[in-house]
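To keep things clear, I will list the structure first and then write my remarks on it.
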Amino acid sequence: MTESTPTNHPTSMRTHLCGALRDADVGSTVSVCGWVGRRREHGEHLAFVDLRDHSGIVQCVINDDVDVRSEYVLRITGTVRERPEGTMNDALPTGRVEIGDCEVEILRSATPPPFPIDARADDVDENIRLKHRYLDLRRERMQKNLRLRSKVNTAVRYAMDTQDFVEVETPMLVPSTPEGAREFLVPSRKEPGSFYALPQSPQLFKQLLMVAGVDRYYQMARCLRDEDLRADRQYEFMQLDMEMSFVNQDDVLDVVSLAVLAAAEAATGERPAPIERMTWHDAMNRFGSDKPDLRFGMELQELTAVFAQTEFKAFSGATAIKGIKIDGGASEFGRNQLDKLTEKAKSAGAKGLVWLKCTDDGFDSPVAKFLSDEEVPEVKDVMGADTGDLILIVADAWDTTCQVLGMIRNEIARPPVHEGPYRYVWVVEFPLFVGRDKETGQPKSGHHPFTMPHPDDIGKFETDPMSVRSIAYDLVLNGWELGSGSIRIHEPELQRKVFQALGISDDEAEKKFGFFLNPFEYGAPPHGGFAFGLDRLVAILAGEENIREIIAFPKTQSGADPMTDSPIVGDPKSMAELGLKVLPPTT
RNA sequence: GGUCCCGUGGUGAAGUCAGGAGUUCACGCCGGCCUGUCAAGCCGGAGGUCGCGGGUUCAAAUCCCGUCGGGACCGCCA
């Protein structure tokens, strides 16, 4: 981010922000307000007080005996002057000036804070930071993050507005829908025993807005999912949710790209290159992931053909054999580490992990003896391996092979998220169906059941449903899934076909989705959309590994808020009014 | 639901493997000195249920069991 001088917005209490004072202000009388950061006392008649507000700190020279302590809230009026020769501090933007002849007004005294209000608190236990979040947020890092977030929001809104999208707010109290993520339920007081749900996304409403002829809808939408929390997941999160009519995939991708690139530019000052595209199949084949991190290489290499005639049992039965190469990894990885990687590969579903350390005349590996004289040079050739390199191979079903190597690739080489460059990628042509239901054996929706199948694959519904592609797409940044979307089905015939493949009968479809699909009978335009997570985008642009750092008041991994102590036990009176009774835990 | 890591004055750590008096270091806090410092300096001081409960032991921060809290990940997140 570019360091610029903060803009002053004078109020009745202050003329300048602390961090805004510069050489040009020398000689003027100013009033600043803020918190006492550090004070350096030199006897009764000289003290330096660093006064801090969100814009930065400024040194105030106080010649009277004033008792001001850490985090006291002060209003200081004085004269800006150049610091004496040899006492300038280049580490501070305000370091060439100071405020002298200070008149100090204590607006509020303060108890010493439980942790320092500066970068040292980065190391403080996060639970303590969250318990006193209002103090944590006073820190430069958190102020920066909040402001960056605001900038991103504004840029996204502006980008959507200038593309003639209409912001429409959809309800927070919605009907419960059985599919998808677990929902938060809200009991109805008027109808005890009935519940609203909090929306996992405005999906249903935004598609109905297309039926309503809104044409281009967007919303900075709060979404709620009652699933286990992670570094990149909170119960509640914000999405840029959008939907548009009479479009194909390119139209949607263009609109969203513009918003994302504008947001990135607002945050970093630099416009990223146009976002590249990759098919889901390529992403899996090359990076072993549907959210490939393109910042580093170590791509998966195809070895199936090399081992077509192999005698090695572990390879001969496999439909896909692939490898990754770690440059110079032979000496770096000891037996212990390789065993650990093998364990990980196994727990991720692979039958095993073969490692080959390249030597001058072959491989150092427990399986070296199973490889033929022809195979050894071919493997080295395909992998581009030299002496001292380490090759890791998985042989399994195609999806397992890709997935496991992709996981290992990330494990070994993925840089921290704050390390550039930013690599955005559209992953397109997701499969329509992913996996099969354990009980019924029916395919399951990859995205959701209203996703448009790829027109070239309609013929494969009966013959090979799992290979049917869809017009569904994800936006990925540095290995994080930012969001996903699709072109939707708007014709009943096709919808029925998809339901059929999913094993959903007409009756069942009517029962589950009728309230949503029947309105389509009144004329649903072809439409499609997208939603991307603003928290994740901001986190990456802020260089934070954890979205809690860019959320003002986040929840802990267990879903609690240490500051407010929520969730709290229900008040019996309210419970009675709602017709609720808590059962003892089932254990 | 599962795997792994962590919990020691207000804060951060060392001490735990290999049991021996609440021991140590830094920051902060309180008091004193100090007129150009800037994570000021010097001197002095206060501050602890070693997360909690149980067990083993002559003796537990340390070993064992349980539990609570925090974190990372898997499952889950159409």
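Each chain gets a letter, A, B and so on, in the order the sequences are listed, and its residues count up from 1.
Base pairing annotation: B/C27 forms a Watson-Crick or G-U wobble pair with B/G10, both donor-acceptor distances under 3.5 Å.
With C1' as the reference atom, B/A21 and B/U62 are 15 Å apart, rounded to whole Å. Taking atom C1' on both nucleotides, B/C43 is separated from B/C34 by 11 Å, rounded to a whole Å.
One interatomic measurement links the two molecules: CG of A/Asn546 to P of B/A72, which rounds to 5 Å at whole-angstrom precision. A/Leu224 places its CG atom 22 Å from the P atom of B/C76, with the value rounded to the nearest Å.
Nearest nucleotide to the A/Pro84 side chain, out of B/C30, B/G36, B/G12: B/G36.
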Taking only distance into account, with no hydrogens and no angle test, what donor-acceptor pairs under 3.5 Å do side-chain atoms of residues 506-514 of chain A form with protein atoms, sequence neighbours excluded?
| residue | atom | partner | partner atom | Å |
| --- | --- | --- | --- | --- |
| A/Glu510 | OE2 | A/Asn518 | ND2 | 3.3 |
| A/Lys512 | NZ | A/Glu179 | OE2 | 3.0 |

Taking N or O atoms only and anything under 3.5 Å, show me the protein contacts with nucleotides 24-28 of chain B, one pair per line.
| residue | atom | partner | partner atom | Å |
| --- | --- | --- | --- | --- |
| B/C27 | O2' | A/Arg120 | NH1 | 3.2 |

Report each atom pair, protein N/O against N/O of nucleotides 1-8 of chain B, whose distance is under 3.5 angstrom.
| residue | atom | partner | partner atom | Å |
| --- | --- | --- | --- | --- |
| B/G1 | O6 | A/Asp228 | OD2 | 3.3 |

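Applying the side-chain hydrogen bond (donor to acceptor under 3.5 Å, both in side chains) test to A/Arg230 and every residue at least two apart in sequence or in another chain returns nothing. Shown here are the side-chain hydrogen bond (donor to acceptor under 3.5 Å, both in side chains) partners of A/His490, two or more places apart in sequence or in another chain: there are none. In terms of the side chain to side chain contact (heavy atoms under 4.5 Å, CB included) criterion, residue partners of A/Lys346 (sequence neighbours excluded) are, by chain and number, A/Thr342, A/Glu343. A/Ser70 meets the side chain to side chain contact (heavy atoms under 4.5 Å, CB included) test with A/Pro113; sequence neighbours excluded. Take A/Arg233 and apply the side-chain hydrogen bond (donor to acceptor under 3.5 Å, both in side chains) test, not counting sequence neighbours, and it matches no residue. In this view, A/Asp67 and A/Arg69 satisfy the side-chain hydrogen bond (donor to acceptor under 3.5 Å, both in side chains) rule, not counting sequence neighbours. A/Tyr235 meets the ring-ring contact (aromatic ring centres under 6.0 Å, His included) test with A/Phe184; sequence neighbours excluded. Residues that satisfy the side chain to side chain contact (heavy atoms under 4.5 Å, CB included) test with A/Phe333, not counting sequence neighbours, are A/Ile326, A/Gln337, A/Leu338, A/Leu341, A/Leu390, A/Ile412.
Contacts between residues 45-61 of chain A and RNA chain B, counted as heavy-atom distances below 4.0 Å, involve A/His45, A/Leu46, A/Phe48, A/Gln59.
Side-chain N/O atoms of A/Glu98 and base N/O atoms of B/G36 include a donor-acceptor pair closer than 3.5 Å. One donor-acceptor pair, N or O on each side, does fall under 3.5 Å between the base of B/C76 and the side chain of A/Arg233.
Checked by atom type, the side-chain pair A/Glu183/A/Thr177 shows a donor-acceptor distance below 3.5 Å.
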